[in-house]
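Notes follow the structure.
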Amino acid sequence: MPELPEVETIARGVNKWVRDDRIVDVWLANHPALFKTPATRQAKGLEGRVFLSVHRTGKHIVCELGPVLLAPRSKHVAQPVSDAQWIVHLGMTGRLLVTTPEAPVAAHTHVRLGLSSGRELRFVDPRRFGRLEFRDLARSEAFAASGAEPLTISSEEFASLFRGRRLPIKAALLNQTLLSGVGNIYADESLFHAGIRPRRSSGRLTKAELERLRLALRQVLEQAIRLGGSSVSDYVDADGVRGFFQLEHCVYLRTGLPCRRCQTPIRRILLAGRGTHFCPICQR
DNA sequence: CATTTCACCTGGTGGC
DNA sequence: TGCCACCAGGTGAAAT
């Protein structure tokens with residue numbers, strides 16, 4: 001489900017519900033591969049802490065956690081400092097949901113965090129490609145993405161990411177160490193809006209093409225965030241609500257359908273092991 | 001070093 | 001109905 005716009009939507013929704021809420025109960029399923037930090041240590045770390053805020057970095061949801069002993073926030077107390085982080089990557093099919101404890105537990109629910117407000121935060125992930133990590137900031141560095149943020153990157157920095165590289169531009173867009181947050185949907189959609197074929201060598205794009213791509217990517221991501229992300233199959237936000245950006249897709253999963261700009265059938269190829277969709281006329 | 005392929009998982013869809 | 005092939009929002013390790 002989750003690329004930058006979906007992760008941003010979920011992080012905002014979770015933040016709205018759990019800010020200032022305390023974790024009073026932790027249940028983790030027995031799927032060791034899900035937990036980058038061993039489940040026992042993760043459960044111990046989470047228990048009793050307060051959510052200070054929840055935000056997105058790349059495709060990661062970062063929960064800033066306060067110490068176990070923390071007075072309720074008041075006007076007279078300075079903003080508490082985060083001393084731990086819970087980092088959630090949703091993989092392909094992961095969801096974070098805020099529910100009541102009585103809500104039916106969906107299949108493939110792997111985490112349930114009971115909160116002092118009476119609500120519950122749940123992590124559900126059928127394919128189990130997601131990853132959960134706990135960081136004690138007294139012992140380890142705060143989480144930082146390896147790649148640049150596509151929403152705020154400058155022209156110069158964007159162009160320098162691709163200089164001297166021979167790999168296809170679509171493969172470069174998907175590489176999280178260059179840009180963080182772009183996945184298969186938004187790579188295909190931004191290349192369509194920039195008029196660039198996915199197989200073009202990234203190092204051979206002109207300055208003008210790179211700038212078109214940077215702006216197309218930013219616009220596509222911003223509009224997708226405004227529409228709550230793309231619900232291709234079962235993606236929903238933290239409140240269980242679907243997004244609407246799938247209605248705006250021009251190429252993604254539109255193989256054989258007429259191009260919205262020129263009516264030519266959209267083509268599908270395999271690139272970097274991923275289904276890749278483009279218009280053979282609009283994209284050169 | 002840069003780049004490509006594959007394994008990791010479950011579930012949905014469509015053909016026979 | 002069953003069985004099978006193929007496809008799906010991602011990524012890190014192994015191979016080239």
Side-chain angles (χ1 to χ4, degrees), chain A residues 1-11 29-36 56-61 87-97 106-110 123-133 143 145-147 150 160-191 198-204 217 220-221 224-225 227-238 242-249 251-257 266-277:
Chain A
M1 90 171 73
E3 302 180 37
L4 188 152
E6 292 76 32
V7 177
E8 177 70 30
T9 302
I10 292 167
N30 182 25
H31 288 297
L34 281 173
F35 302 100
K36 279 183 83 170
R56 174 197 66 79
T57 298
K59 293 178 192 172
H60 295 262
I61 297 167
I87 301 138
V88 178
H89 192 291
L90 298 169
M92 202 93 120
T93 52
R95 310 187 207 175
L96 267 188
L97 292 167
H108 311 291
T109 298
H110 308 306
F123 172 71
V124 181
D125 184 10
R127 289 177 76 177
R128 305 203 300 274
F129 288 170
R131 291 293 176 265
L132 305 164
E133 182 183 359
F143 177 82
S146 40
S160 74
L161 294 177
F162 307 107
R163 205 163 291 144
R165 294 183 182 277
R166 312 177 65 96
L167 83 170
I169 184 58
K170 161 141 180 193
L173 287 174
L174 293 176
N175 181 340
Q176 302 297 298
T177 63
L178 299 177
L179 286 170
S180 39
V182 182
N184 209 31
I185 295 176
Y186 300 100
D188 281 4
E189 291 298 313
S190 61
L191 286 168
R199 277 213 221 269
R200 291 275 303 281
S201 160
S202 35
R204 297 211 185 108
L217 180 58
V220 161
L221 294 172
I225 291 171
L227 295 182
S230 298
S231 287
V232 169
S233 59
D234 58 358
Y235 159 74
V236 290
D237 69 14
R242 289 168 61 84
F244 292 94
F245 191 72
Q246 68 280 7
L247 304 175
E248 307 293 322
H249 291 175
V251 288
Y252 181 75
L253 289 190
R254 296 193 73 245
T255 312
L257 296 174
I266 297 303
R267 268 195 216 161
R268 179 183 185 277
I269 59 173
L270 211 57
L271 197 164
R274 317 295 302 279
T276 296
H277 316 78

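Predicted, not measured: the structure shown is a model, and the values here were computed from it. Reminder, nothing fancy here: chain letters follow the sequence lines and each chain counts from 1.
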Report the residues that fulfil side chain to side chain contact (heavy atoms under 4.5 Å, CB included) with [X], sequence neighbours left out, ordered by chain and then residue number.
{"X": "A:L253", "answer": "A:V232, A:H277"}
{"X": "A:D237", "answer": "A:T9, A:Y235, A:D239, A:V241"}
{"X": "A:F123", "answer": "A:L34, A:V88, A:L90, A:L96, A:H110, A:V111, A:D125, A:L132"}
{"X": "A:E133", "answer": "A:K36, A:T37, A:I87, A:R135"}

Task: For A:E189, all residues meeting salt bridge (charged side-chain N to carboxylate O under 4.0 Å, His left out), sequence neighbours excluded - done: none
- [ ] Only counting residues at least two apart or in another chain, list the ones meeting salt bridge (charged side-chain N to carboxylate O under 4.0 Å, His left out) with A:R200.
- [x] A:E209
Open item on the list: Students often get this wrong, so: under 4.0 angstrom with heavy atoms, is A:P168 touching a base, only sugar-phosphate, or nothing?
Closed with: sugar-phosphate
- [ ] Could you list by number each residue of residues 125-133 of chain A showing a heavy-atom separation from DNA chain B of less than 4.0 Å, or answer none if no residue does?
- [x] A:P126, A:R127, A:R128, A:F129
Task: Nucleotide interval of DNA chain B bounded by contacts with chain A (heavy-atom cut-off, under 4.0 Å) - done: B:dT3 to B:dG11
Open item on the list: Taking only side-chain N and O atoms of A:Q176, does any of them lie within less than 4.0 angstrom of OP1 or OP2 on C:dG10?
Closed with: no
Task: Ring geometry between A:H89 and A:H60 (parallel below 30°, tilted from 30 to 60°, perpendicular above 60°) - done: perpendicular
- [ ] Sort and list the pairs that fulfil salt bridge (charged side-chain N to carboxylate O under 4.0 Å, His left out) and have at least one residue in residues 166-184 of chain A, not counting sequence neighbours.
- [x] A:K170-A:D188
TODO: Could you say whether A:L174 or A:G273 is positioned toward the 5' end of DNA chain C, judged by the nucleotide with the nearest heavy atom to each?
DONE: A:G273
Task: Residues which pass side chain to side chain donor-acceptor pair (under 3.5 Å) with A:H249, listed by chain and number, not counting sequence neighbours - done: A:S230
Open item on the list: As a test of your reading of the structure, name each stem of DNA chain B as range with range, where a stem is three or more consecutive Watson-Crick or G-U pairs at under 3.5 Å.
Closed with: B:2-8 with C:10-16, B:10-16 with C:2-8
Task: Counterpart residues, ring-ring contact (aromatic ring centres under 6.0 Å, His included), relative to A:F162 (two or more places apart) - done: A:F158
Task: Spacing of the P atoms in B:dC9 and C:dC3 (rounded, Å) - done: 24 Å
